[in-house]
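Each remark here refers to the structure printed beneath this line.
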Amino acid sequence: MLNGRWIDGRMLRRDCQWASHLIPVPGDHTHPSNGTSISRALPASTSLLFSHVTSTYRRRTRPRRSPIFPPEMTTEGLVPITRDYLARYYDKYPLPPIPDGVTALAARLRALSAELAAASPFSPEEEHLEQEASVVPAHKIDENMWKNREQMEEILFLLNKSRRPVALQQKSTPEDAEIVSTLDDCETKLKEMLKKLEQFQLKNADNVFNTVMTYMPQDFRGTLIRQQRERSERNKQAEVDAVVSAGGSIHDRYALLWKQQMDRRVQLAQLGSATGVYKTLVRYLVGVPQVLLDFIRQINDANGPMEVQRERYGPALYTLTKLVLAVRLYLHLSLARFGQKKIGKDDIAVLHQAVVIYTEEFGKFTTFIGEVFVNAPFFISAEDAGADSRKNDEYRETIIPAGKTHEVILSVEAVNSYIAWDFSLQQGALSTLLDIGFHVEYISPSREKTLILPYRRYEADQGNFCTVFAGSYKLVWDNSYSTFFKKTLRYKVDAVPPVTETE
């Protein structure tokens with residue numbers, strides 16, 4: 001085959017391509033995008049699960065180059081990102097106050113909803129909406145961002161022209177036509193805001209992942225980690241698609257998305273403490289000071305350093321969350337009872353004003369928090385930190401005498417790890433190109449050998465395959481067929497661990 005070959009029922013892709021297995025590969029755990037209107041997730045939908053990765057240090061002076069983690073590394077010039085440190089940073093970014101009209105509009109919409117309920121009792125679904133609009137919003141900022149996104153999508157579902165009351169679809173009266181015009185404008189503004197929020201979350205996700213990747217080896221191992229992230233997103237996308245195909249509601253999809261977000265937070269904390277699968281992955285984080293790992297271990301703590309951000313910017317966001325919940329409740333009730341009681345001119349004006357102010361203020365908040373985020377002390381690349389990811393990139397060289405072989409054994413602790421290699425021969429002055437035999441074997445605990453990659457002669461090669469067994473894998477370079485020529489081999493090999501827990 002041109003792009004791969006079949007080995008033991010599996011096709012081994014070349015040049016760092018995925019191996020297609022007849023054996024199913026367990027799904028990864030990253031935040032997906034919704035197959036309909038939900039795009040890639042916040043933040044960092046990375047396979048590394050660096051949701052709200054907050055690099056816990058800032059340079060006072062440029063630090064010395066850090067050695068490869070986990071050996072002891074310098075922390076000169078680095079300070080932990082504590083609550084006090086973050087408080088001083090946030091002092092530079094005071095949030096403009098939310099207009100008093102936001103709270104007043106939410107109260108007015110709640111009063112209008114109560115009037116509709118008095119005329120016609122709530123259904124069970126409407127009771128749930130009323131309860132949701134009455135409770136205190138969630139404490140976490142990112143959870144509120146997701147809640148706002150969910151509510152915008154729910155409102156747009158109600159505003160869809162095909163779901164409006166028949167009288168409004170037909171614009172039966174001039175008054176109905178005026179209501180339709182107002183609802184159309186509300187729909188336009190919310191669509192624009194929803195798109196802006198999706199782009200904001202996507203940008204943050206990419207920013208986090210790309211920052212983290214600066215600490216990773218800049219070779220085939222980093223490539224594999226990126227590819228695993230992409231595969232993880234596809235797997236999670238499929239999970240969300242399954243909910244949609246099964247008739248799941250907007251709320252069902254967002255509940256799944258938030259669960260995935262929290263799963264990443266738990267695994268992020270595991271990375272900080274080097275537990276679970278991350279104890280093998282941490283060795284790739286080149287030059288990351290221990291203060292970073294100390295901090296991310298606290299990422300889920302209620303009173304951890306990130307609580308300062310919630311105290312500073314949470315109340316304004318909570319106010320906007322209350323408003324969008326009030327908008328959805330009133331819109332649902334008014335459209336459901338349109339046959340009994342048409343929306344009054346003053347009432348539709350209140351709704352429109354609420355949507356206008358909500359989209360304006362939420363847009364301002366998104367822009368503001370984006371600026372705070374991008375300039376925050378927890379977004380530092382390896383270059384800024386004084387780390388050198390190239391330190392983990394060196395090739396090795398060895399001379400293989402004529403008639404001899406060279407072997408490297410890689411230990412794999414977790415299934416779905418990747419055995420990867422990149423090698424070439426130093427060519428001499430002769431016109432004949434030198435080559436070397438190469439094959440890979442799996443060695444079972446009972447010392448039985450299974451050929452994974454059959455013998456073949458190469459001048460150079462780069463490739464990888466996904467493991468289906470834990471254990472030892474032996475890579476063999478064979479010069480036994482040569483009578484006269486020694487071979488100078490330049491190579492790099494590794495067992496790249498999976499970046500998520502297997503199920």
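To the nearest 0.5 angstrom, Leu190 atom CG is 6.5 Å from Leu159 atom CG. Rounding to the nearest 0.5 angstrom, the gap separating the SG atom in Cys186 from the CD1 atom in Ile348 is 6.5 Å. Between the CZ atom in Phe465 and the OH atom in Tyr473 there is a gap of 6.0 Å [rounded to 0.5 Å]. The line from CD of Glu143 to CG of Leu317 is 10.5 Å long, rounded to the nearest 0.5 Å. Between the CG atom of Asn464 and the CD1 atom of Ile419 there is a distance of 9.5 Å, given to the nearest 0.5 Å. Rounded to the nearest 0.5 angstrom, Phe365 CZ and Leu197 CG are separated by 10.5 Å.
Between Phe338 and Ile343, the shortest heavy-atom contact is CE1-N, 3.8 Å. Between Ser411 and Ala495 the shortest heavy-atom distance is O-CB, 4.0 Å. Considering all non-hydrogen atoms of both residues, Ile141 and Gly314 come closest at CD1-N, 4.2 Å. Looking at every heavy atom in both residues, Ala354 comes nearest to Leu323 through O-CD2, 3.9 Å. Listed here is the closest heavy atom pair of Asn148 and Val324: OD1-CG1, 3.6 Å. The two residues Pro497 and Ser417 come nearest to each other via the heavy atoms CA-OG, 3.7 Å.
Inter-residue side-chain proximity for Lys189 and Met193 is flagged as unmet; no heavy-atom pair is nearer than 4.5 Å. Residues Val350 and Tyr330 fail the side-chain proximity criterion, which asks for heavy atoms closer than 4.5 Å. Side chains of Ile369 and Phe200 form a contact here, defined as non-hydrogen atoms less than 4.5 Å apart. Using a 4.5 Å cut-off on side-chain heavy atoms (C-beta onward), His251 and Glu154 make contact. Looking at Phe362 and Met152, their side chains come closer than 4.5 Å, going by heavy atoms from C-beta outward. Between Gln151 and Tyr358 there is no side-chain heavy-atom pair separated by less than 4.5 Å. The side-chain heavy atoms of Asn144 and Leu320, taken from C-beta on, include no pair separated by under 4.5 Å. Counting only heavy atoms from C-beta outward, the side chains of Ser181 and Asp184 never approach each other to under 4.5 Å.
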Steps toward side chain to side chain contact (heavy atoms under 4.5 Å, CB included) verdict (Arg312, Tyr93): CA-CA 10 Å; Arg312 291 293 182 96; Tyr93 292 90; over 6 Å; no
Step-by-step side chain to side chain contact (heavy atoms under 4.5 Å, CB included) determination, Asp142 to Trp258: CA-CA 10 Å; Asp142 54 342; Trp258 181 245; 3.7 Å; yes
Verdict with supporting geometry, Thr359 and Glu192, side chain to side chain contact (heavy atoms under 4.5 Å, CB included): CA-CA 9 Å; Thr359 53; Glu192 292 174 353; over 6 Å; no
Criterion side chain to side chain contact (heavy atoms under 4.5 Å, CB included) on Thr367 and Glu371, from CA distance to verdict: CA-CA 6 Å; Thr367 300; Glu371 183 180 355; 5.8 Å; no
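Here the side chain of Arg110 pairs a donor or acceptor atom with the backbone of Ala133 at under 3.5 angstrom. For Lys322 (side chain) and Val135 (main-chain N/O), a donor-acceptor pair under 3.5 Å exists by modelled atom type. Under the 3.5 Å distance criterion, the side-chain polar atoms of Asp494 are left unmatched by any main-chain donor or acceptor of Val496.
When only modelled atom types and interatomic distance are considered, Asp252 and Ser249 share a side-chain donor-acceptor pair under 3.5 Å. No hydrogens or angles considered: a donor-acceptor pair under 3.5 Å links the side chains of Asp241 and Gln237. Using a 3.5 Å distance cut-off with no hydrogens or angles, the side chains of Thr173 and Asp176 do pair a donor with an acceptor. Inspection of the Glu130 and Ser134 side chains reveals an N or O donor paired with an N or O acceptor under 3.5 Å.
Looking at Glu132 and Lys147, a side-chain N of the basic residue comes within less than 4.0 Å of a carboxylate O on the acidic one, giving a salt bridge. Salt bridge Glu187/Arg164: present, at least one basic N to carboxylate O contact under 4.0 Å. Salt-bridge annotation for Glu307 and Arg310: present, with a side-chain N of the basic residue lying under 4.0 Å from a carboxylate O of the acidic one. Salt bridge present: Lys236 and Glu239 bring a charged side-chain N and a carboxylate O closer than 4.0 Å.
Counting non-hydrogen atoms of neighbouring residues, nucleotides and ligands closer than 6.0 angstrom, the NZ atom of Lys342 exceeds 12 such neighbours. Atom NZ of Lys203 is surrounded by 12 or fewer heavy atoms from other residues, nucleotides or ligands within 6.0 Å.
A cation-pi arrangement is absent between Arg149 and Tyr254, since the terminal nitrogen or guanidinium carbon is not both under 6.0 Å from the aromatic centre and inside a 45° cone about the axis.
With Tyr442 as the fixed residue, the side chain to side chain contact (heavy atoms under 4.5 Å, CB included) test singles out one of Ile452, Val412, Leu453, Leu451: Ile452.
Less than 6.0 angstrom separates the ring centroid of Tyr313 from the ring centroid of Tyr90.
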